[in-house]
Amino acid sequence: MEQLLGFAVPGVPYGCAYAIFAVGLVLTYQATGVFNFGYAAQAYVSAFVFGWLVQVHQAPVWLAFLVAVVALGPGLGIAMDRLLFRRIPPTHGLAKVVTGLSLLVGIPSLLPVVFGNQNLVGLPSIAFNPNTVYFHLFGLALAPINGVFLSSVVFTAAILVVLTVLLRATPLGLEMRAAVESRRLVQLEGVNADRVVSAAWALSGLMAGLAGVLLAPTQATLQSQAFLTLMVAAIAAAACAVLRSMSVAAAVGVLIGVVSLVAQGELPTGSVWYSAVLPALPFVVLFAALLVVPGLRALDDSRDPLASVDPPPPPVAASVRSPQLERVVRPAWWLLLLAFAVSMLTWMPRAWETVLDQGLAYGTVFLSITLITGLGGQLSLAQGTLAGVAAFTAALLALHVGVNFFVGALVGAAVAAAVAALLAVTSLRLRGLGLALMTLAAALLFDNAIFSQPALTGGTAGITLHRGWLGAVDFFDPNGHAFFVLALAVLAACAAGVRLVQRGTVGRELAALRGSEVGAAGIGINLAWQRVLVFALSGAVAGVGGALLAVQRASVAPGEFNYQLSLAMVVIVVTTGVRTVEGAIQAAFGFVVVQELLQYAPQRFSGLTFVLFAAGALSYAAHPEGIVELQKRRWTARVERIVLRHPPPPGALPVPAGFGEPVAGEQR
Amino acid sequence: MTERGAPTILEVEGLAKSFGGVTAVDDVRFSVAAGESVGLVGPNGAGKTTVFNCVCGQLRPDAGEVRFDGRPLGDLPTYRRARMGIGRTYQRLEVFPELTVRDHVLVAARAHLGGGHLWKDLLGRSATTAEERRVVGEVLGLVGLGHVADVPVAALGLGTCRLVELARALVAEPRLLLADEPSSGLDAHETRALAALLHQLQVERGMAVLLVEHDLGMVGAVVDRAIVMDLGRVVADGAFADVMAEPEVRQAYLGVR
C-alpha cells in the first residue's frame with residue numbers, strides 16, 4: 001500500500017497539470033463555443049514572458065506574475081476574440097479548429113523571433129517552494145508532500161470552485177452561456193454580446209496564463225513542446241467530460257496522471273505495456289471517449305437559429321474564369337511546368353534542386369489534405385502519420401524481406417489507405433471537431449506506441465535507405481536527376497487523379513455531402529461509404545508522398561512523421577488553398593522555399609516559416625478558399641475587367657427574371 | 001390493398017417518437033396507396049415532419065413500424081430508402097450550395113442509378129452521357145428550371161431552391177414523394193403552378209404524394225385524402241372536404257368546434 005501511495009502521490013501534480021488544462025478547455029468551450037487548440041500556446045506565452053522577466057530582467061516574481069498572467073493572459077484572449085474568432089460564422093466549425101491550430105503552431109515559433117532564443121531554466125514558483133517537503137501523507141516516508149504537490153492541488157481546487165460559481169451562479173455566466181448558443185440572438189435581446197464574449201475570452205486567457213505560470217516550475221527547461229503534449233493529453237480529460245463539466249474534466253485529468261504514474265511504477269520496464277501502452281495512455285482514453293460518449297459526436301454543430309444568414313463559401317478562381325481567359329491560363333500553366341522541368345534538368349544549382357525535390361514530395365503528401373479537407377469537408381490531423389506508415393512499411397519490407405522499396409511503397413500506400421479506412425469506419429458517427437480529435441488521437445497513438453519502438457522503427461535516427469533497395473537507378477546520385485523525374489511523375493499522376501476525382505461523380509457527391517448531409521442521404525448517396533472512400537484515398541496519396549519523402553532524405557525517422565508535422569501540414573495547405581490541386585502544390589513549394597531562405601537569416605528566425613503560414617491560415621475564417629486562391633480570384637476579376645472588358649465575376653451568377661433577388665445562404 | 005383497390009405503397013403502424021420528455025408522435029397509423037395523393041396536415045408542432053423523418057430513416061422511431069411496398073423498413077439507412085423509391089423535399093432547405101442546378105439533378109440521377117464509381121472517375125469516364133443529359137433536361141423542363149440550369153444554387157432565391165429540391169427528387173422517379181411544405185417561400189402564382197405540377201405528376205407518373213402543407217388551398221388542389229394530426233396523434237383521416245369539417249380538426253386548427 002505504501003509503495004502504491006509512493007507512486008500515486010507524484011502522479012497527483014501531473015494529474016493536476018492535465019486537470020488545469022482540461023478545465024481551461026472546457027471553460028473556453030462553455031463560455032465561447034470554441035474548442036481552443038491555441039490554449040497551450042497561450043499558456044506557454046505567459047510562462048515564457050514570466051520566465052523572461054524573472055530570469056533575464058531580474059523582475060520580482062509578483063511583478064512578472066502581474067504582467068504575464070493578469071495583463072498578458074486576458075489581453076491575448078481578447079485579441080484572439082476580436083481579431084480572429086469573432087469573425088468566424090457559428091456554422092463554420094472547421095474554421096474554428098484551423099484558427100486554433102494556427103495559433104498553436106504559430107505562437108511558440110513567434111516568441112524566439114520577438115524575444116530571441118532564450119534558455120529559461122528552473123523557473124520560480126508563485127506559491128509554494130517546489131523543493132520543500134511540507135509533510136508526509138499519512139506519515140509515510142514514500143509519500144512526501146512538496147511544494148509542487150501543494151501548489152498543484154490548491155490552485156486546481158481553487159480554480160475549479162471559482163469558475164463553477166462564476167459560470168453557474170452569476171448573471172455574467174448566464175449571459176456567457178446564452179452567447180455561446182447564439183451571439184446574434186443575445187444581441188437582439190438587448191445584451192452587449194461582444195462585451196460578454198470578450199469577458200469570456202479574457203477569463204479563458206487569464207486561466208491559460210495561470211496554468212502556464214503554475215506549470216513552468218515543474219519543467220527543468222521551459223519548452224513549448226511540453227505544453228503541447230500536456231494539452232493534447234488534457235483533451236482526453238475534457239472529452240470524457242463531453243466538454244461540459246469542469247469537475248468531471250478535472251477528476252479525469254487527475255486520474256490519468258495518477259494511473260500513469262502508478263502503472264509506470266508497477267509495470268515491468270521491459271514489457272510492451274511499459275514501452276508502448278503507457279506513454280499512449282491519455283490518447284487511448286481520448287480514443288475510447290470519442291468512440292463511446294454520444295455527446296462528442298456533433299460537438300461543433302451550430303445551435304444558432306440565425307446561422308442561416310451567413311453566406312456560402314465563395315467559388316474558386318478557376319470556376320469564375322471566362323473561356324477566353326481559360327484559353328490563356330491553361331497553356332500558361334503548361335509553359336510554367338515545362339520551364340520548371342527544363343530548369344531543374346539544366347541550370348538549377350544543386351542545393352536548390354534538392355529543396356525543390358523536397359517540395360515535390362511534400363506536394364504529394366499535401367494533396368492528401370486536398371482530398372480529405374477540400375473534397376471531403378473533414379479535417380484529418382493524422383496525414384503525416386499516414387505518410388509515415390507507408391514509408392516505414394516500405395523500409396521494413398526492404399530491410400527484413402528484401403522487397404524492392406518501390407514495391408514496398410505501393411504496399412505501404414495500401415496499408416496507409418487501410419489504416420485511414422479503419423479510422424473512418426471507427427469514427428463514422430463523428431464529424432467536424434470530433435473527427436479531428438479522433439484523427440489527432442490516432443496520430444498520437446502511432447507516435448507514442450508504434451513509431452517510438454526502436455525495434456520497429458530504428459529509434460530516433462530511424463532506418464537508413466540503401467541504394468540497392470531502389471533497383472537499378474541511383475536515386476541518391478548527387479549529380480543525377482533521377483529523383484526529380486520520379487517525384488515529378490508521381491506528383492503529376494497524383495494531381496491528375498485528384499483532379500479527375502474532383503470533377504467526376506465522386507467529387508460531385510462529395511460536394512453534395514459538404515452542402516447537406518441530410519439532402520445527400522435523401523437522394524441515395526451512401527454517406528458512410530463516401531467517408532471511408534475519401535479517407536482511404538487520402539491515406540493512399542499521403543502514403544505515396546511519405547515514401548517519396550523517405551527516398552529524398554535516404555532515411556525514414558519517426559521525428560519526420562510525428563503529429564506536429566500533421567498539424568503544421570493542415571495549417572500550411574489551408575493557407576494557400578485547400579480546395580484546389582494547385583493550392584497543395586503551391587503550399588509545398590512555399591513551405592520548402594521559405595524554410596530554405598530562412599537558413600540565411602539569424603537563428604532566431606528559423607521558426608518564421610510556421611509563423612508565416614500560421615498567419616496566413618488565420619485568414620481562413622474570412623477566406624476559407626485560402627489567401628492564394630483569394631488573390632487569384634481577385635486578379636481574375638481584374639484581368640477580366642481591364643483586359644477582356646468583361647463584367648467582373650461576382651461569385652454569384654445572374655439570376656433570371658421572375659425568381660426574385662438572390663438570397664445566398666438563406667435557410668441553407 | 002386499399003379500399004380503392006390500388007396496392008398499398010406506404011404503411012405506418014403505431015409510430016411513436018419522443019425527444020427527451022416531449023412526445024412528438026404517438027401511435028400514428030395510416031397508409032398511402034400507390035398513385036394516391038394524401039395531405040398530412042395539422043398545426044405547428046403536430047408531429048408531421050417527425051413522421052416524415054421516421055419514414056425517410058433520418059429518425060429512428062421509439063415504437064411502431066414503417067412498411068414501404070410491403071417491406072418493413074426497420075433500421076434501413078436513409079440512402080437505401082431513397083434508392084427504393086422514396087423521394088423527399090425538405091421544410092428547411094437541404095440544397096448543395098456549391099453545385100449548379102443541373103449538377104444537383106445529375107448527382108441525384110447517378111446516386112439513384114448507382115452509376116458513379118471511383119474507377120470511372122480516375123479513368124476520366126464520368127462525363128455526362130446523352131441519356132443523362134436527356135433525363136436531366138426533361139426534369140428541369142418539367143419544373144421550369146431549364147433557364148437556370150447552369151446557375152449555382154447559392155445564387156438562387158428560396159422559391160427556386162424549393163423547385164431544385166423537387167427536381168432532384170423527381171429525377172430518381174420515386175414511387176412515393178414526401179413533400180414537406182413545398183410552397184413555403186413561393187408566391188401565390190408559383191404555389192398554384194406547383195400544385196398543378198404535383199397533381200400532374202401524380203396522374204401521369206402514378207407517383208404517390210404525401211404532402212405536408214399549411215396552405216390548405218394548395219392541399220385541396222393536390223390531394224385526394226387528408227390526414228390531420230394534432231399534438232402527435234392522428235385526429236382525422238378521410239376525404240379532404242369531409243375531414244376539414246370535422247369538429248376535432250376545427251378545434252385543432254381554429255380552437256373552436
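Just so we're clear, the structure is a prediction, and the values are computed from it rather than from any experiment. Just so we're on the same page: letters track the sequence lines, and every chain starts at 1.
- With chain A as partner, the option from B:Val171, B:Asp103, B:Thr100, B:Thr89 having the largest number of non-hydrogen pairs under 4.5 angstrom is B:Asp103.
- When each of A:Leu500, A:Asn526, A:Val518 is scored by its heavy-atom pairs under 4.5 Å with chain B, the top score falls to A:Asn526.
- Considering B:Leu156, B:Val105, B:Thr160, B:Val139 as possible partners of B:Leu145, the one that fulfils the side-chain contact (heavy atoms from CB on, under 4.5 Å) test is B:Thr160.
- Contacts between B:Leu178 and chain A at a heavy-atom distance below 4.5 Å are absent for every atom of the residue.
- When atom types are taken as modelled, the side chain of B:Glu204 and the backbone of B:Leu201 share no donor-acceptor pair closer than 3.5 angstrom.
- Of the listed residues (A:Gly522, A:Ala496, A:Gly507), the greatest number of heavy-atom pairs within a distance under 4.5 Å of chain B belongs to A:Gly522.
- Of the listed residues (A:Ala512, A:Gly515, A:Ala528, A:Gly497), the greatest number of heavy-atom pairs within a distance under 4.5 Å of chain B belongs to A:Ala512.
- Contact check on B:Arg67 versus B:Glu65 returns a salt bridge, with a Lys/Arg side-chain nitrogen under 4.0 Å from an Asp/Glu carboxylate oxygen.
- For A:Arg503, no part lies under 4.5 angstrom from a heavy atom of chain B.
- Contact annotation for B:Leu122: both backbone and side-chain heavy atoms come within less than 4.5 Å of a heavy atom of chain A.
- Around CD of B:Glu173, the count of heavy atoms belonging to other residues, nucleotides or ligands within 6.0 Å does not exceed 12.
- Geometrically, B:Arg168 engages B:Phe96 in a cation-pi contact defined by less than 6.0 Å to the ring centre and at most 45° from the axis.
- For a residue to count as touching a neighbouring chain, one of its non-hydrogen atoms must lie under 4.5 Å from one of that chain's; by this rule B:Ala108 touches chain A with backbone and side chain alike.
- Interatomic distance, B:Cys56 SG to B:Asp180 CG, rounded to the nearest 0.5 Å: 9.0 Å.
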